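Below you will find the structure I want to go over with you.
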Amino acid sequence: MSSHKFATLRYTALRIGLFVASFAVVWVLAYFRIIPLGVGSANTVWLLLLAIVISAPLSFILLRKQRDAMSEQIVAKVDRQRERLAANAGQEDGLS
């Protein structure tokens with residue numbers, strides 16, 4: 001369980017890191033005019049959107065283990081909450 005303790009934080013940090021790396025690659029490609037710079041003053045927006053489009057499928061493929069660990073962590077928390085709610089409902093029914 002300890003390896004999954006910070007799964008959500010780890011996945012989020014890796015996802016942000018992948019986006020930043022994608023943005024850096026896109027920026028370098030735009031700097032050397034390998035890809036278009038955008039239209040008018042939309043350069044930054046263009047680069048951000050392109051980095052999102054690149055990083056999303058990469059994170060889907062590369063971060064599968066981290067996403068699965070995060071999913072297990074969330075499911076465990078939801079199950080604990082359901083058990084608490086069921087226990088509280090049972091106590092309330094016992095008082096009536």
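As the structure is a prediction and not an experimental result, all values here were calculated from the model.
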Original post:
Does any non-hydrogen side-chain atom of Ile35 lie less than 4.5 Å from one of Leu50?
Top reply: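 Side-chain contact under 4.5 Å: yes.
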**OP:** Calculate, to the nearest 0.5 Å, the distance between atoms CG and CZ belonging to Leu63 and Arg10 respectively.
**Re:**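 With rounding to 0.5 Å, CG (Leu63) is 11.5 Å from CZ (Arg10).
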Original post:
Does Tyr31 have Arg33 sitting over its ring (NZ/CZ under 6.0 Å from centre, angle to axis within 45°)?
Top reply: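 Because its charged atom misses either the 6.0 Å distance or the 45° angle limit, Arg33 does not stack over Tyr31.
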Original post:
Is there a chain of hydrophobic side chains (I, L, V, M, F, W, Y, each step under 4.5 Å between heavy atoms) that links Val53 to Trp46?
Top reply: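 Val53 does not cluster with Trp46.
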Original post:
How long is the span from the CG atom in Leu47 to the CZ atom in Phe23, to the nearest 0.5 Å?
Top reply: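 Rounded to the nearest 0.5 Å, the CG-CZ separation comes to 5.5 Å.
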Subject >> Within-4.5 Å side-chain heavy-atom neighbours: Asp68 and Lys65 >> reply: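 Not in contact.
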Original post:
Judged by atom type as modelled, is there a donor-acceptor pair below 3.5 Å linking the side chain of Trp27 to the main-chain atoms of Thr44?
Top reply: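 Checked: no pair found.
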Subject >> Leu18 side, atom CG; Tyr11 side, atom OH - distance, nearest 0.5 Å >> reply: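 Between atom CG of Leu18 and atom OH of Tyr11 there are 9.5 Å.
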Subject >> Val75 reachable from Met70 in the ILVMFWY side-chain graph, under 4.5 Å edges >> reply: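 Shared cluster, no.
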**OP:** Locate the shortest heavy-atom distance separating Thr8 from Gln73; write the atom from each residue and the value.
**Re:**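 Nearest heavy atoms, Thr8 then Gln73: OG1-OE1, 2.9 Å.
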Original post:
Which atom names give the shortest non-hydrogen contact between Ser59 and Arg67, and what distance separates them?
Top reply: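 Here Ser59 and Arg67 meet closest at O-NH1, 3.4 Å.
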**OP:** Identify the heavy atoms of Gln66 and Leu14 that sit nearest to each other, and give their distance.
**Re:**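 Closest pair (atom of Gln66, atom of Leu14, distance): CG-CD1, 3.6 Å.
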Original post:
Taking C-beta and beyond as the side chain, do Phe6 and Thr12 meet within less than 4.5 Å on heavy atoms?
Top reply: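 Phe6 does not reach Thr12 side chain to side chain.
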**OP:** For residues Ser22 and Ser55, report the shortest heavy-atom separation together with the two atoms involved.
**Re:**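 Between these two residues, the closest heavy atoms are OG-CB, 3.5 Å.
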**OP:** Please name the pair of heavy atoms, one in Phe19 and one in Ala51, separated by the smallest distance, quoted to 0.1 Å.
**Re:**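 Residues Phe19 and Ala51, closest heavy atoms: CE1-CB, 3.6 Å.
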